[in-house]
Structures are given as C-alpha cells and as structure tokens.
Amino acid sequence: MKITAIKVFVNSPDRNFVTVKIETDEGIYGLGDATLNGRELAVVAYLENHIVPCLIGKDASQIEDTWQYLYKGAYWRRGPITMTAIAGIDMALWDIKGKAAGLPVYQLLGGKSRSKIKVYGHANGNNVEETLDNLGRLISEGYQTIRLQCAIPGLQDSYGTLADKKDYYALQSSRSLPPEQVWDTKKYLNFIPSLFQKARDKYGYDMDLTHDVHSRLTPIEAARLAKELEPYKLLFLEDAIPAENQDDFLQIRKHSTTPLAVGEVFNTIWDCKDLITSQSIDYLRSAATHSGGITSMRRQADLAALYKVKTAPHGPPDISPIGHAAHAHLNIWCPNFGIQEFVGFGGDQMQKVFSHPLSYEAGYLHLSDLPGLGVAFNEDEASKYPYMRSYLPVSRLEDGTLWDW
Ligand code: CS2
Ligand code: MG
C-alpha cells in the first residue's frame, strides 16, 4: 500500500486544529492530529516542507520504520514542533492500518484491558462558591474524579478559569496576541489548601480530586503545597513544577505522599525516563499529539508500567477529536492506564467537522469498534472555519518578572 498524497488542514471550528490526511493507492486514507496550541503554523510548515515530500511513494504499512525515519532521519531530534508533526503522520498510519484490517486500532495494540475508560472532568470557578457548585454539577453527571481550579483572590486572571467567557473555546478565540497575566505564588499557596478543605467539607471523600499547578512553583514550594494537601487526599497534583530538571521532583517526593502527575509538555520518552525510573511521579500525562503519536505513547506506557506509574493522557480542548480518539484506543489497551482528562466533545462547529467513536456515560468514555481510529473529518465543513492566530497567555509576577504560565 503506497502513500499517494498527504494533505495538511489547519482550521478553526471553535478553535484551531491541524489535521493530517494520508491517502494511499488502495483508496484507504488515515487521519492524524498535529495540533500545537499557539504554534500550529510551525507544525504545518514542518509537515508540508520537510515531511510530506519524503513520504510520497513510501509503504503506508511500515509505521515503525516511518516513525524511525522521521525521528532519527531528521537529525534534529525531539521538541514540540517535530514530535507533533510526527504524531500527525503516525496516527494517520495507524488509522490506515486499522481500516485495512477492518479492526479498531486498540485491537492492533493487543486488544482490550478494560471495557470502558475512566475520565476526570474540570470544575472551575471565579470564586470558591462557583467552583464548588461546578464540582457538585459534575458529581451529579457521574464523574468520580474532578479537577478543581479556582480564581486566586487578589489576582486578575487565574489558570483554568473562564473569567467572563462561556467556555474554553470562547476563551481561546480572544487571544490574537499573548495576553499577559499576573501571578503571585504567596496568594496562590495561601489559598489553594482552603479550596480543597471546603470541597471535602461539602462533598466528602467518595470522589477523587485533582489540581493542576501548571508548572508555577519551585520544588520546595511544591513540596509545601503537596504536604498541605495531604489531608484532602488528591488523586494527583499535576505539573507542580516545570520538568526540565527531572531531579527536581525528588525534592517534592521526599516531603509528601500526595501523588504527582506530569507530562503534558513532554515530546519523547526521554523527557520522562528519569522521572519514571526514579519513581518520582505516579501518573504520566503525555499526549499522543505532542509526543510522537501512538507508536511513542505505547513505549512510554510500557516503561511506566515497569515502575508502577499509570498513564493519565493530557486531554485539553486544544487536542482534536482525532487525538482524543487515539488516546481512547491507547487507554482501552494499556494495562497501566490510570485516567483520561476529558473536557467534553467540543462546540457545535467541532462536532460538524469531526465525528468520533466516543460516548460519555457516568464518569466513563465508551469506544465503538469502528475500524482504525474511528474518526471522520468533513473537509468542506472545516473550510468554513479558517485558521485564526491565537496565543497562550504569558505570566509575569507583580514586579514584571516573566514567570511560568
Ligand atoms: C492544561 C491544559 O488540561 C490541562 O491539564 O494544562 O489545558 C493546557 O493549559 C493547554 O493544553 C495548553 O494549550
Ligand atoms: Mg495541565
């Protein structure tokens, strides 16, 4: 089966997505997600100028060799642009292989390890009361694990909250230049434990809670927060610190038993190798879309399994339904799957452009047995929503020092 064409689409149904379509001489085509929030056009350029010319005429069945060719053959390895581009190709080749075999991708990975996929939802608010109301709503919708994010008193904007926007998609559309947000660690650290105390006081301990620090603390600050949150028994504390220096997590580990999760910005197994082998983390949050696709995620999951680390794939609004479907196939197969982040199926425009094999019921996703990844992409509908430049925010301390967002 030869690759005859590779098309790259960058559209904005509710928000920007980059979609890879690989066509073959047997009429079967595959779809992949190559969306990188805020840097979409860099990935498009890498694909169209540097990957596509090399793959025309190649055997679409050789997923592994193609992955090695694009990873080692580039010489300049790793990084979000390269690995997101490789991910788009990789997912599309797995989609083709499944369609050619008449099997869902999870069957090609080794079949089901579970019947359904446990998910966690987002409860956020502009104040504690609103956050706890949203927590109660998600509990009523059957979620057994919920992430809490709340505006920090005294700070203008806070990660994970919507301010006056309707949803994450509306939030994204208002960022034609990087908005600048103000951060203050002291206000944050003095506030967050009380949020979780109030959540537990009101709803008890039956459900699991998580929190995303979004990489803003120093190791000892993160150790303090993890220790102060111990009474509230989080399932995990996410992105407590940036993970460039993987050893930093050992500083948190020696002070607290709060489970730690990290990985959404990782691009290869090298970014998490030491974290896993030193057992500094409990959940690996890599995304197939940003870490080299299904081929790479499978390797990361197998390494994690050796050290009793579970997978908790990143599942934000800025991964497309193709990426979410790839996670669903990995999750239903993966023996050490932990939990999947789930922010819903997106807005009306997204649902007109993408159809997907997933349904939500009572805290779980269910995956259909459609062949391949099970996603359809409506090119004509997508063309109605042209790309719109959109940036992630930039964070500064109150004195203007540039900080981690
Ligand atoms: C967040 C993401 O979902 C999460 O855990 O960290 O929403 C992250 O902010 C976005 O993916 C950035 O594009
Ligand atoms: Mg996160």
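For ligands, and for the atoms within them, numbers begin at 1 and follow the listed sequence.
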For His324 and His327, take the angle between the two ring planes, folded into 0 to 90°, and tell me which bin it lands in: parallel under 30, tilted 30 to 60, perpendicular over 60.
perpendicular
Taking the six-membered ring of [Y], is the NZ or CZ of [X] close enough (under 6.0 Å from the centre) and on axis enough (within 45°)?
X: Lys352; Y: Tyr385; answer: no
X: Arg15; Y: Phe17; answer: yes
X: Lys99; Y: Tyr29; answer: yes
X: Arg200; Y: Tyr205; answer: yes

Which atom of [X] approaches the Mg ion (ligand 2) most closely (N/O/S):
X: Glu264; value: OE1
X: Glu238; value: OE2
X: Asp212; value: OD2

Taking the six-membered ring where the residue is Trp, are the ring centres of Tyr360 and Tyr143 under 6.0 Å apart?
yes
Do Asp274 side-chain atoms and Gln246 backbone N/O form a donor-acceptor pair below 3.5 Å?
no
Can you work out which protein residues put a heavy atom within less than 4.0 Å of ligand 1?
Asn37, Arg147, Tyr159, Asp212, His214, Glu238, Glu264, Arg285, His314, Pro316, Asp318, Glu341, Leu392, Trp405
May I ask you to check whether Glu341 brings an N, O or S atom to under 2.8 Å from the Mg ion (ligand 2)?
no
N/O/S from Asp239 sitting under 2.8 Å away from the Mg ion (ligand 2)
no
Rounded distance [0.5 Å steps], CG in Leu103 versus CG in Leu108:
5.5 Å
